[in-house]
Amino acid sequence: MKLKNEMSLTFESRSSNEGFARTAVSAFISQLDPTIGEITDIKTAVSEAVTNCIVHAYKESVGIIYISVKIFEGAVVVIKIRDKGCGIADIEQAMEPLFTTGGEERAGLGFAVMQSFTDKVKVTSREGKGTTVVLEKRLMSRIKDV
């Protein structure tokens with residue numbers, strides 16, 4: 001796949017930045033002229049990934065969240081959300097619907113939501129080093145040169 005455009009963001013893991021992250025990502029992909037549904041899907045998936053960084057990766061502290069977005073030929077969007085937090089001990093278990101380490105106030109549906117709103121979700125993690133979530137989605141772009 002040929003890279004057409006890319007951008008990156010870095011911000012603190014504060015709840016107030018979650019809306020900024022999803023809005024910035026959706027604004028960047030708007031150059032593909034996506035449908036409202038496609039924008040909503042991406043905003044929801046990004047929101048879940050960023051919330052995981054805020055709630056789980058850095059728990060009671062503030063760290064840095066890194067997002068990169070790449071647009072490839074064929075209107076394929078790849079979004080990478082990364083933290084340098086505590087990491088995930090068992091990725092397979094963490095991706096099970098309803099599993100959470102966040103206590104009773106958390107539903108444990110973050111990864112399931114990401115999977116339902118994107119074409120592909122890949123998670124890599126190392127305990128004590130952080131987690132990377134890669135979301136991929138092909139859009140039905142109406143732009144001819146993408």
Side-chain angles (χ1 to χ4, degrees), residues 1-88 91-92 94-97 99-102 105-146:
M1 288 189 296
K2 183 179 176 186
L3 181 64
K4 300 293 278 184
N5 202 356
E6 65 183 310
M7 71 97 165
S8 60
L9 298 170
T10 304
F11 53 91
E12 290 187 335
S13 63
R14 298 182 186 281
S15 293
S16 58
N17 287 334
E18 178 271 329
F20 162 72
R22 64 190 168 106
T23 301
V25 171
S26 64
F28 181 73
I29 66 158
S30 69
Q31 65 192 279
L32 296 173
D33 195 20
T35 66
I36 297 294
E38 289 171 331
I39 286 183
T40 300
D41 290 352
I42 287 177
K43 286 172 89 171
T44 302
V46 167
S47 179
E48 291 295 332
V50 169
T51 298
N52 278 354
C53 296
I54 294 166
V55 172
H56 300 291
Y58 295 114
K59 297 189 193 238
E60 300 298 320
S61 64
V62 174
I64 301 296
I65 298 172
Y66 307 85
I67 297 181
S68 68
V69 183
K70 294 182 178 183
I71 296 173
F72 292 93
E73 200 168 58
V76 174
V77 177
V78 177
I79 305 161
K80 184 186 294 185
I81 295 120
R82 183 173 59 91
D83 65 66
K84 292 184 179 180
C86 64
I88 300 171
I91 294 171
E92 192 173 315
M95 293 185 76
E96 285 292 319
F99 176 82
T100 184
T101 58
E105 69 278 357
R106 296 288 161 196
L109 294 172
F111 286 121
V113 168
M114 287 180 237
Q115 289 170 322
S116 67
F117 288 107
T118 60
D119 299 324
K120 189 185 298 183
V121 177
K122 180 181 177 191
V123 181
T124 55
S125 188
R126 287 183 51 210
E127 284 189 272
K129 300 289 183 185
T131 301
T132 301
V133 174
V134 180
L135 309 169
E136 185 175 315
K137 186 168 181 78
R138 180 180 298 275
L139 304 180
M140 299 297 167
S141 180
R142 295 171 289 229
I143 307 295
K144 298 296 179 210
D145 67 345
V146 177

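A side-chain contact (heavy atoms from CB on, under 4.5 Å) with F72 holds for exactly one of M1, K2, E6; it is M1.
At least one side-chain heavy atom of F11 sits under 4.5 Å from a side-chain heavy atom of V50. At a threshold of 4.5 Å between non-hydrogen side-chain atoms, the residues I71 and Q31 count as touching. For the pair T132/I81, no side-chain contact is recorded, criterion being any heavy-atom separation below 4.5 Å from C-beta on. Taking the side chain as every heavy atom from C-beta outward, V77 and E136 never approach each other to under 4.5 Å. Looking at heavy atoms from C-beta onward, C86 lies in side-chain contact with K59 at the 4.5 angstrom threshold. For the pair V133/N52, no side-chain contact is recorded, criterion being any heavy-atom separation below 4.5 Å from C-beta on. By the 4.5 Å heavy-atom criterion applied to side chains, L135 and F117 are not counted as neighbours. Side-chain atoms of V123 and T131, non-hydrogen and from C-beta on, do get closer than 4.5 Å to each other.
Residues I29 and P34 come closest through the heavy atom pair O-CD, 3.6 Å. Closest approach of M7 to V25, counting heavy atoms only: CE-CA, 4.1 Å. Contact detail for S116 and V113: the closest heavy-atom pair is OG-O, 2.9 Å.
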Yes or no on side-chain contact (heavy atoms from CB on, under 4.5 Å) for V69 and V78, after CA distance, side-chain angles and deciding distance?
CA-CA 6 Å; V69 183; V78 177; over 6 Å; no
Pair D41, T118 - check side-chain contact (heavy atoms from CB on, under 4.5 Å), show working.
CA-CA 7 Å; D41 290 352; T118 60; over 6 Å; no
Taking it one step at a time, do I64 and D83 satisfy side-chain contact (heavy atoms from CB on, under 4.5 Å)?
CA-CA 6 Å; I64 301 296; D83 65 66; over 6 Å; no
Could you please spell out the steps behind the side-chain contact (heavy atoms from CB on, under 4.5 Å) verdict for E38 and M140?
CA-CA 8 Å; E38 289 171 331; M140 299 297 167; 3.6 Å; yes
Quick one, E12 with N17, criterion side-chain hydrogen bond (donor to acceptor under 3.5 Å, both in side chains). Give me CA distance, side-chain angles, the key distance, then yes/no.
CA-CA 7 Å; E12 290 187 335; N17 287 334; 5.5 Å; no
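For S125 (side chain) and I88 (main-chain N/O), a donor-acceptor pair under 3.5 Å exists by modelled atom type. When atom types are taken as modelled, the side chain of D119 and the backbone of R138 share a donor-acceptor pair closer than 3.5 angstrom. Side-chain atoms of R82 do not come within 3.5 Å of backbone N or O of I67 as any donor-acceptor pair. Put simply, the side chain of S26 never gets that close to the backbone of K43: no donor and acceptor are under 3.5 Å apart. No donor-acceptor pair under 3.5 Å is formed between the side chain of Y58 and the backbone N or O of I65.
Rounded to the nearest 0.5 Å, atoms NZ (K70) and CG (N5) are 11.5 Å apart. Expressed to the nearest 0.5 Å, how far OG of S47 lies from CE of M114 amounts to 9.5 Å. For the atom pair F28 CZ and I42 CD1, the distance stands at 11.5 Å (nearest 0.5 Å).
Side-chain polar atoms of E18 and T51 form no donor-acceptor pair below 3.5 angstrom.
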